[in-house]
Amino acid sequence: MPIHLFASVMGIAGLSLAWREAAKGALFNGVIGETIGWVAVAVFVALVAGYGMKFILHPGAIVAEYSDPVMNSFFATIGIGILLLSSFLRPYNATLAQTTWVAGTVLTFVTAYAVMQRFLGRQHRGEDTLPALLIPGVATLDITVTGSDMPYSWAHEVNMLAFAVGSVLAGVLIVLIFSRLRHHEALPMRMRPSLLIVSAPFAVGFLAYTNLTGQVDIFASSLFYFAFFLLLVLAPKVFRSGIPFSVNWWAIGFPLAAFSIAAFRYSSAVGTLPLKVFAIAVFAFSAGAIAVLFVRTLMIISSGQLFRLENSQ
């Protein structure tokens, strides 16, 4: 039960929110998107139950994951999943959604703080500076993405804090990651899917910034188009033969879903037909990729291969 399996909740929940954006144009059936959202809820509950059993039966394995300089970043995926689910639940029960958002916000800040304390508190090898380090920083941006309309009097300042922490951390860490990618050996093949995480801060940053300002200005446009540029650069390095399937592939789920949501928001603000077509194409690709991930993951779980795959890597 590897901790990075929680990234699947991010991808599935992100796809359900992207589907809501797509359904606004009446081109896609909104019921499908809502069903995907409930699947995300079910997956999250199942993973929490499974990881809870792991905590009871194999606490040493959890300590080992948290002590690992790469794996500990994935603990932030739990908080991100809760935040995304709070957005999905909002139309169904506002009180439940708000409570879920508060819980996700607290957990995300705590996780980001703990991970950064470890990051700055000891010396690390250059080869351990991997794209996964961005997850805790991007996690705080998701607080702003999902909490811009919270009714609490303190919510705006919390959203500003989250945006400040997430945007600056992402900027610093991206420089370190680019340096590692240029000056050290290439990522092992099994870790190549995580390269797409590098595009996430710009897509998520676009959503957070436009939620705070209420408009798409030149800075927001720059974030959106640079996210697109990075996806174009990184996609050929990720979507290629020779990379075996594993849970690591879920690293592509949320970056694709986040950019799909950003594409719909941007095309709606600009209003041109080419951008609307572009947003639909991005959404179709993202939905197809996440569907493949979901089916392939069910296959390795049902066949009992999950444990063997993760141990072999």
Value rounded to 0.5 Å, distance of [atom1] in [X] from [atom2] in [Y]:
{"X": "Phe229", "Y": "Leu234", "atom1": "CZ", "atom2": "CG", "answer": "9.0 Å"}
{"X": "Ser73", "Y": "Met116", "atom1": "OG", "atom2": "CE", "answer": "9.0 Å"}
{"X": "Ile280", "Y": "Phe28", "atom1": "CD1", "atom2": "CZ", "answer": "5.5 Å"}
{"X": "Leu293", "Y": "Phe245", "atom1": "CG", "atom2": "CZ", "answer": "5.5 Å"}
{"X": "Leu83", "Y": "Thr108", "atom1": "CG", "atom2": "OG1", "answer": "4.0 Å"}
{"X": "Gln98", "Y": "Ser86", "atom1": "CD", "atom2": "OG", "answer": "9.5 Å"}

Judged by atom type as modelled, is there a donor-acceptor pair below 3.5 Å linking the side chain of [X] to the main-chain atoms of [Y]?
{"X": "Thr144", "Y": "Ala162", "value": "no"}
{"X": "Asp68", "Y": "Ala64", "value": "no"}
{"X": "Ser67", "Y": "Val63", "value": "yes"}
{"X": "Glu65", "Y": "Pro2", "value": "no"}
{"X": "Asn93", "Y": "Leu96", "value": "yes"}
{"X": "Trp19", "Y": "Gly14", "value": "no"}
{"X": "Arg90", "Y": "Thr146", "value": "yes"}
{"X": "Ser260", "Y": "Leu256", "value": "no"}
{"X": "Asn248", "Y": "Arg190", "value": "yes"}
{"X": "Trp101", "Y": "Leu84", "value": "no"}

[Y] reachable from [X] in the ILVMFWY side-chain graph, under 4.5 Å edges:
{"X": "Val204", "Y": "Leu232", "result": "yes"}
{"X": "Leu176", "Y": "Phe178", "result": "yes"}
{"X": "Tyr113", "Y": "Leu169", "result": "no"}
{"X": "Leu298", "Y": "Trp249", "result": "yes"}
{"X": "Trp154", "Y": "Leu107", "result": "yes"}

Apply ring-ring contact (aromatic ring centres under 6.0 Å, His included) to Phe74 and Phe6, showing your working. CA-CA 8 Å; Phe74 285 95; Phe6 277 95; over 10 Å; no

If you define the side chain from C-beta out and look only at heavy atoms, does anything of [X] sit under 4.5 Å from [Y]?
{"X": "Phe264", "Y": "Val282", "result": "no"}
{"X": "Ile197", "Y": "Ile177", "result": "no"}
{"X": "Val138", "Y": "Pro201", "result": "yes"}
{"X": "Lys276", "Y": "Ser268", "result": "no"}
{"X": "Phe294", "Y": "Val39", "result": "yes"}
{"X": "Ser194", "Y": "Leu130", "result": "no"}
{"X": "Arg192", "Y": "Arg240", "result": "yes"}
{"X": "Phe109", "Y": "Ile143", "result": "yes"}

Minimum heavy-atom distance between [X] and [Y], given as atom pair plus value:
{"X": "Ile261", "Y": "Glu21", "value": "CG2-CG, 4.1 Å"}
{"X": "Ala155", "Y": "Met150", "value": "CB-CB, 3.8 Å"}
{"X": "Pro236", "Y": "Val233", "value": "CD-O, 3.4 Å"}
{"X": "Gly166", "Y": "Thr140", "value": "CA-OG1, 2.9 Å"}
{"X": "Ile12", "Y": "Ala40", "value": "CG2-CB, 3.7 Å"}
{"X": "Val238", "Y": "Leu195", "value": "CG2-CB, 4.0 Å"}

Using side-chain contact (heavy atoms from CB on, under 4.5 Å), reason through Ile78 and Phe44 one step at a time and then give a plain yes or no. CA-CA 9 Å; Ile78 301 175; Phe44 179 77; 4.3 Å; yes

Is it true that, when you exclude Lys54 itself, more than 12 heavy atoms of the residues, nucleotides or ligands shown sit nearer than 6.0 Å to its NZ? yes

Tell me whether the count of non-hydrogen atoms from other residues, nucleotides or ligands lying under 6.0 Å of OH in Tyr152 goes above 12. yes

Run the numbers on Phe224 and Val270 for side-chain contact (heavy atoms from CB on, under 4.5 Å), then give the verdict. CA-CA 12 Å; Phe224 174 77; Val270 176; over 6 Å; no

Given ring-ring contact (aromatic ring centres under 6.0 Å, His included), test Phe206 with Phe259 step by step and report yes or no. CA-CA 9 Å; Phe206 166 85; Phe259 185 70; 9.0 Å; no

Taking it one step at a time, do Thr272 and Ser267 satisfy side-chain contact (heavy atoms from CB on, under 4.5 Å)? CA-CA 7 Å; Thr272 61; Ser267 65; over 6 Å; no

Between Phe202 and Phe228, does a ring-ring contact (aromatic ring centres under 6.0 Å, His included) hold up when you go through it step by step? CA-CA 9 Å; Phe202 300 96; Phe228 176 50; over 10 Å; no

Sole candidate of Asp142, Val9, Leu196 that passes side-chain contact (heavy atoms from CB on, under 4.5 Å) when paired with Phe254: Asp142

Geometric class of the Tyr209/Phe163 ring pair [parallel <30°, tilted 30-60°, perpendicular >60°]: tilted

Hey, what's the ring geometry for Phe88 with Tyr92, parallel, tilted or perpendicular (30° and 60° as the breaks)? tilted

Could you give me the CA-CA distance, side-chain angles and deciding distance for Asn211 and Arg265, then say whether side-chain contact (heavy atoms from CB on, under 4.5 Å) is met? CA-CA 11 Å; Asn211 278 354; Arg265 297 270 181 91; 3.7 Å; yes

Residues Thr297 and Trp250: side-chain donor-acceptor under 3.5 angstrom: yes

